[in-house]
Structures are given as structure tokens and as C-alpha cells.
Amino acid sequence: MSTRELIYDGKEKKVYSTEDPDVVLIHYNDVTTAYGGIKRAVIKDKGICNNHISALAFQVLAKEGVENHFISLENDREQLCRKIEIIPLQVVARNRLAGSTARMLGVENGTVIPNTVFELRYNNDRLKDPMINDTHVLALGIVTEDELKRIYYLTARANEVLKEFFHKAGMELVDAKLECGRTSDGKIILSDEISPDNCRIWDEKTGEVLDKDRFRHDMSDVTVSYQQVMERLEKAFEK
Ligand code: 5GP
């Protein structure tokens with residue numbers, strides 16, 4: 001990978017070009033941030049766990065027909081992915097009401113709900129990722145109406161497939177922040193990352209929090225939890 005050039009330097013990931021213009025190398029590091037970057041720490045081996053967890057999740061999704069950017073795992077910290085044009089939109093799929101939505105609606109964290117809630121956020125650090133609706137998306141020209149339909153389809157399917165995958169590993173997917181991108185031939189596919197950094201994951205039996213909320217709320221053993229998620233998903237993947 002001698003020709004690689006840094007094309008995106010995120011807080012927690014770096015993206016490099018490769019010899020193939022349609023392929024990028026994503027490098028996961030151990031930096032962890034929360035509250036829009038206000039809280040920051042290095043959590044040993046977190047990048048290794050997230051690289052492996054994301055790779056497993058994207059492979060399961062591909063098997064179930066959810067088109068996504070993952071190509072192959074290169075090593076403990078790197079994966080090859082299809083190059084996409086970033087769409088500045090986050091879709092948060094919620095299987096329970098937790099975090100910001102529980103606060104917004106004045107309900108208990110983890111409230112059980114009869115349907116999945118889908119929220120759109122405008123991915124914009126300066127504006128702190130505000131919640132927006134479909135008409136804002138079209139008004140801002142972020143995507144077309146057909147593309148938005150496809151984004152809802154992909155993220156809803158992804159949520160269902162991931163819920164089942166985590167369940168097989170004895171864990172509950174409480175919510176997930178998902179993102180899509182546009183390939184060079186104009187196709188919308190699932191992209192970004194699927195890990196305890198952007199999903200709430202609870203142990204099904206004990207309710208133990210196994211995700212980034214441990215870091216947000218100063219709980220101990222963040223690495224141990226991420227490692228546990230990785231190892232349990234590895235076993236479920238082999239079944
Ligand atoms: P909440 O809106 O409750 O804070 O977050 C909902 C879900 O989306 C959680 O799983 C959280 O980790 C994830 N999430 C929300 N905003 C971001 C963000 O800016 N970056 C990442 N990586 N995840 C986010």
C-alpha cells in the first residue's frame with residue numbers, strides 16, 4: 001500500500017487512498033471522543049475491537065443483502081472499503097428510547113417501545129448534528145426523494161439484521177447511528193462504522209452497558225466491554 005495518501009483525518013479513524021480509485025483503506029485508532037469532541041481519551045485497543053466488530057457486522061449485512069462499503073479486513077486495525085461520497089446525514093434507529101431521545105421525550109432511559117423509531121440528523125459538527133425531518137433533507141438538497149427512500153430502506157433492513165446478529169450473541173441492540181454514502185456510479189450503500197462507538201449495546205440477561213456510554217458516563221472497563229462485544233460476535237458469526 002505504498003501509494004496511500006491520507007484523504008480524511010477523523011478523530012477516531014483515518015481514511016487513505018489506495019491504487020484503486022474506488023477503494024479506500026480505513027484505519028481505526030484508539031482515540032475516543034464524546035459530546036462533540038469535548039471529552040477525549042485514548043482507550044487501549046479500542047480501534048482493534050471496532051475494526052473487527054465493524055467487519056463482522058458488514059459481512060453479516062452483505063450476506064443478508066444489505067449493500068455496504070466493506071470489502072475486506074486487512075489487519076487488526078485496517079479494512080478496505082469502497083470509496084463513497086459522504087452524505088451528511090445520520091439515521092438513528094431506536095429499538096428502545098435511550099440517550100438523547102429519552103431525555104427529549106421525558107421518559108426513562110431504555111423505555112421499551114412497540115415500533116422502531118427512526119431519526120434523521122444533519123451531520124454537521126458546527127451545528128451539533130441537529131435533528132431534522134424528511135422535508136429539511138429535501139429542502140437542503142442533501143439527497144433526492146428516491147435516495148432518501150433507499151436510505152430508509154437500507155437502514156431499516158440493517159437495523160433488523162443487526163438486531164438478530166446481536167441477539168445471537170446474547171446482546172440487545174438498543175439503538176444504532178447509521179450512515180450511507182454514494183458510490184462513484186451513483187449508488188447509495190451503507191457506510192461508516194458499526195461498533196459500540198455508534199450503537200448502544202446491552203447484555204440481554206444482565207442489562208450491562210457494553211458500549212460508548214461506559215466512556216460517556218465514566219464507567220470502568222471500557223476496553224473489556226468492547227473486547228467482550230467483539231468476542232461474542234465472533235462466536236455468533238461462526239455459528
Ligand atoms: P443519542 O442521540 O441517544 O445520543 O445517540 C443515539 C445513538 O447514536 C447512540 O448509539 C450513539 O452512540 C450514536 N450517536 C449519536 N451521535 C453520534 C455521533 O455524532 N457519532 C457517533 N459515533 N455516534 C453517535
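Since the model is a prediction, treat every value here as computed from it, not as a measurement. Counting convention: from 1, in listed order, for ligands and their atoms alike. Keep in mind that the numbers below use all heavy atoms, side chains included, and drop hydrogens, waters and symmetry copies.
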Identify the closest protein heavy atom to atom 1 (P) of ligand 1: which residue and atom is it, and at what distance?
S100 OG, 3.3 Å
Give a yes or no on this: more than 12 heavy atoms of other residues, nucleotides or ligands lie within 6.0 Å of atom NZ of K83.
no
Has K14 got its NZ or CZ under 6.0 Å from the middle of the six-membered ring of Y8, at an angle within 45 degrees of the ring axis?
no
Using a strict 4.0 Å cut-off to heavy atoms of D197, name the atoms of ligand 1 that fall inside it.
12 (O), 21 (C), 22 (N), 23 (N)
To check your reading of the model: name the closest protein heavy atom to atom 15 (C) of ligand 1, its residue, and the distance in Å.
R121 NH1, 3.8 Å
Using a strict cut-off of 4.0 Å, indicate which atoms of ligand 1 neighbour a heavy atom of G99.
3 (O)
Residues E172 and K163 bridged, charged N to O under 4.0 Å:
no
Side-chain heavy atoms under 4.5 angstrom apart, residues restricted to Ile, Leu, Val, Met, Phe, Trp, Tyr: same cluster for L178 and V161?
yes
Going by atom types alone, do T18 and D20 pair a side-chain donor with an acceptor below 3.5 Å?
no
When N51 is tested against each of K46, Q79, R77, E193 for side-chain hydrogen bond (donor to acceptor under 3.5 Å, both in side chains), which residue passes?
Q79
What about T101: any of its N or O atoms under 3.5 Å from an N or O on ligand 1?
no
Please answer whether the main-chain N or O of E179 pairs with a side-chain N or O of D192 as donor and acceptor at a distance below 3.5 Å.
no
Using the rule that two of Ile, Leu, Val, Met, Phe, Trp, Tyr join whenever any of their side-chain heavy atoms come within less than 4.5 Å, decide whether Y28 and V15 are in one cluster.
yes
Which residue and heavy atom of the protein sit nearest atom 24 (C) of ligand 1, plus the separation
K177 CE, 3.7 Å
Can we say E147 and R182 salt-bridge, meaning some charged N sits less than 4.0 Å from an Asp/Glu carboxylate O?
yes
Is D129 touching ligand 1 with its side chain, its backbone, both, or neither, if touching means heavy atoms under 4.0 Å apart?
side chain
Examine the proximity of ligand 1 to Q90 and report which part, side chain or backbone, both or neither, has a heavy atom under 4.0 Å away.
side chain
With a 4.0 Å cut-off on heavy atoms, is R94 touching ligand 1?
yes
Around atom 10 (O) of ligand 1, find the nearest protein heavy atom and jot down its residue, atom name and distance.
D175 OD1, 2.6 Å
Please classify the C199 to ligand 1 contact at 4.0 Å (heavy-atom distances, strictly less than): side chain, backbone, both or neither.
backbone
Ligand 1 versus A98: contacting region, heavy-atom distance under 4.0 Å
backbone
Just let me know how V92 lines up against ligand 1, side chain, backbone, both or neither, with a heavy-atom cut-off below 4.0 Å.
side chain
Let me check something: do V143 and I189 share a hydrophobic cluster, defined by ILVMFWY side-chain heavy atoms less than 4.5 Å apart, either directly or through other members?
no
To check your reading of the model: name the closest protein heavy atom to atom 5 (O) of ligand 1, its residue, and the distance in Å.
R200 NH1, 3.6 Å
Ligand 1 versus R216: contacting region, heavy-atom distance under 4.0 Å
side chain
